[in-house]
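The structure appears below as structure tokens.
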Amino acid sequence: MKAHDGMYIGGEWRAAAGTDAIEVVDPANEQIIAHVPAGTAEDVDAAVRAARAALPGWAATPPAGRAARVAALRDVLVARKGEIAATVTAELGAPLPFSQAVHAGVPILVAGSYAELAASYAFEEKVGNSTVYAEPVGVVGAITPWNYPLHQIVAKVAPALAAGCTIVLKPAEDTPLTAQLFAEAVHEAGIPAGVFNLVTGLGPVAGQALAEHDGVDLVSFTGSTAVGKQIGATAGAAVKRVALELGGKSANVILPSADLAKAVGVGVANVMGNSGQTCSAWTRMLVHSSQYDEAVALAAEAAAKYGDRIGPLVNAKQHARVRGYIERGVAEGARLVAGGPEAPREQGYFVSPTVFADVTPEMTVAQEEIFGPVVSLIRYEDEDDALRIANGTVYGLAGAVWAGDDAEAVAFARRMDTGQVDINGGRFNPLAPFGGYKQSGVGRELGSHGLAEYLQTKSLQF
Ligand code: NAP
Ligand code: MG
């Protein structure tokens, strides 16, 4: 697609208030592929005003009418699927088949799920002598990261639209073209002017202005825990609703009764997909000491097979950061059995699929979110030990448990301090609530729980 040189505000592409621009880089070859405007507080203010002006009309649109527009949005995403995949590949670097299946495919599922939910959700219920109405929270400030550029946008915008909220989006500076394409799709879907607005720009400038704006009723943020804490504090001071989807360091717990080869193979693939840039990735693999050496050999083999099929990291900074973590792992005594800190290609921000053995729970690579294709194998002695290790980080976003039967895996999963657990390789469910325990966040996305984030209740007593 061709980049827009303005902001999508009030249903049209408007010139930015300032003249600064952001360079969009293809991380596979380090070439500049486009420029987009870097928004300022002035652009954010114009967008919030447009969203506020559109709120009464959209909030009063009956749920069936909102559902029809979300369904139309889904249809445009389907029609432009190829373009979406190509755009994500160009600015994020994901291999094209992954962009087609996941980066374009999942947002279509999620948008479709909210078209259905908008039509079927109980926005009104009787409780004794009361009628309780679920009303839109108001104007939403959405701030999204680059790792799943379209999914992160749709996981906020689709439920916000279904709820009757209006939105200002500040997408990640690394992936603004996908956001512009999404704004085009919103326009094509006939969503009324001002209901959705886009301001591209830098986090500490446009993002911060949006989080601090008085005209925003709910800030929905996905990204790093460090920035999330800041946004939570700002929102708290203003008594504003806030939803935070933050980092993770999820555990993949392989119990002795599990199919070890399958659990290790799926576990490695889970981390390598999207080059390890997945907040819910199972970056710690916990294996019983009796099976540890076999698991290490299987994981090294699985990572080596991945080889060239992995995409680059998003930018030079993440490239340096992830390689720094790998060096830190070696320095702290972990044993490299696949990959390593050396860049495998001269051009592009590539990192080899990396596997660490002999990782102990307190090592940096076992505690901090690396956000790269790095998996750490940690040994446990018994189930209580495994649970202590699994729960022994500040995060609690996701995880996996493998066992000989589902009941055994479920019993362990129920003791994990985490928001989502895949049982014996369970499939992604776009209706299941997604979000973190502990410092992985506040609030839930997807399905009816994700819709509820954008609603507030009003009770009338009779
Ligand atoms: P980030 O800095 O937290 O960025 C997330 C979003 O917040 C981006 O749109 C960013 O803008 C914006 N932002 C940055 N500073 C802000 C501020 N002071 N006020 C308001 N908004 C602000 O995360 P990142 O730099 O993309 O990635 C760094 C780390 O975050 C990763 O290594 C990973 O640990 C974590 N992460 C987690 C997730 C997740 O889904 N949980 C996703 C991506 C990253 P810019 O794009 O201009 O920075
Ligand atoms: Mg950043």
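In listed order, ligands and their atoms are each counted from 1. These numbers come from the heavy atoms of this one structure, side chains and all, not from hydrogens, waters or symmetry mates.
- Of all atoms in ligand 1, numbered sequentially from 1 with element shown, those under 4.0 Å from a heavy atom of T144 are 6 (C), 8 (C), 9 (O).
- With ligand atoms numbered from 1 in the order given, ligand 1 contributes 47 (O) to contacts under 4.0 Å with heavy atoms of L202.
- Every atom of ligand 1 is numbered from 1 in the order shown, and the set under 4.0 Å from a heavy atom of Q152 is 40 (O).
- The shortest N or O to N or O distance between I231 and ligand 1 is not under 3.5 Å.
- Partners of Y121 according to the ring pair (Phe, Tyr, Trp, His ring centres under 6.0 Å) rule, which considers only residues two or more places apart in sequence or in another chain, are F123.
- Counting atoms of ligand 1 from 1 in the listed order, those under 4.0 Å from a heavy atom of Q318 are 32 (O).
- Of all the heavy atoms of N147, the ones lying under 4.0 Å from any atom of ligand 1 belong exclusively to the side chain.
- Nearest to atom 2 (O) of ligand 1 by heavy-atom distance, out of V205, L169, V314, V227, is V227.
- At a 4.0 Å heavy-atom cut-off, ligand 1 touches P171 through the backbone alone.
- The salt bridge (Lys or Arg N to Asp or Glu O under 4.0 Å) analysis of residues 99-114, with sequence neighbours excluded, yields no pairs.
- By the 6.0 Å contact criterion, CZ on R52 is enclosed, its count of non-hydrogen atoms from other residues, nucleotides or ligands being greater than 12.
- Residue W146 has at least one heavy-atom neighbour below 4.0 Å for each of these atoms of ligand 1: 24 (P), 26 (O), 27 (O).
- Relative to the ring axis of Y325, R328 does not place its NZ or CZ within 45° and under 6.0 Å from the centre.
- Y148 and H103 share no side-chain donor-acceptor pair at under 3.5 Å.
- Interface of Q230 with ligand 1, defined as ligand atoms under 4.0 Å from a residue heavy atom, comprises 18 (N).
- Taking the six-membered ring for Trp, W146 and F371 have ring centres closer than 6.0 Å.
- Of the heavy atoms in D174, none comes closer than 4.0 Å to ligand 1.
- By the criterion of a heavy-atom distance under 4.0 Å, neither the backbone nor the side chain of Y148 is placed next to ligand 1.
- In summary, the atoms of ligand 1 found under 4.0 Å from a heavy atom of E245, numbered by their order in the structure, are 41 (N).
- For P145, no nitrogen or oxygen atom sits less than 3.5 Å from a nitrogen or oxygen atom of ligand 1, counting backbone and side chain alike.
- No side-chain donor-acceptor contact under 3.5 Å links Q100 to the backbone of A85.
- Residue A172 approaches ligand 1 through these ligand atoms, each under 4.0 Å from one of its heavy atoms: 9 (O), 46 (O).
- When A211, G203, G141 are ranked by how near their heavy atoms come to atom 22 (C) of ligand 1, first place goes to G203.
- A distance-only check finds a donor-acceptor pair linking the side chain of E91 to the backbone of L177 [under 3.5 Å].
- Between F196 and F182, a ring centre-to-centre spacing shorter than 6.0 Å is recorded.
- Checking only distances, E173 does come within under 3.5 Å of ligand 1, N or O to N or O.
- Between R80 and E184 there is a salt bridge, since a side-chain N of the basic residue sits under 4.0 Å from a carboxylate O of the acidic one.
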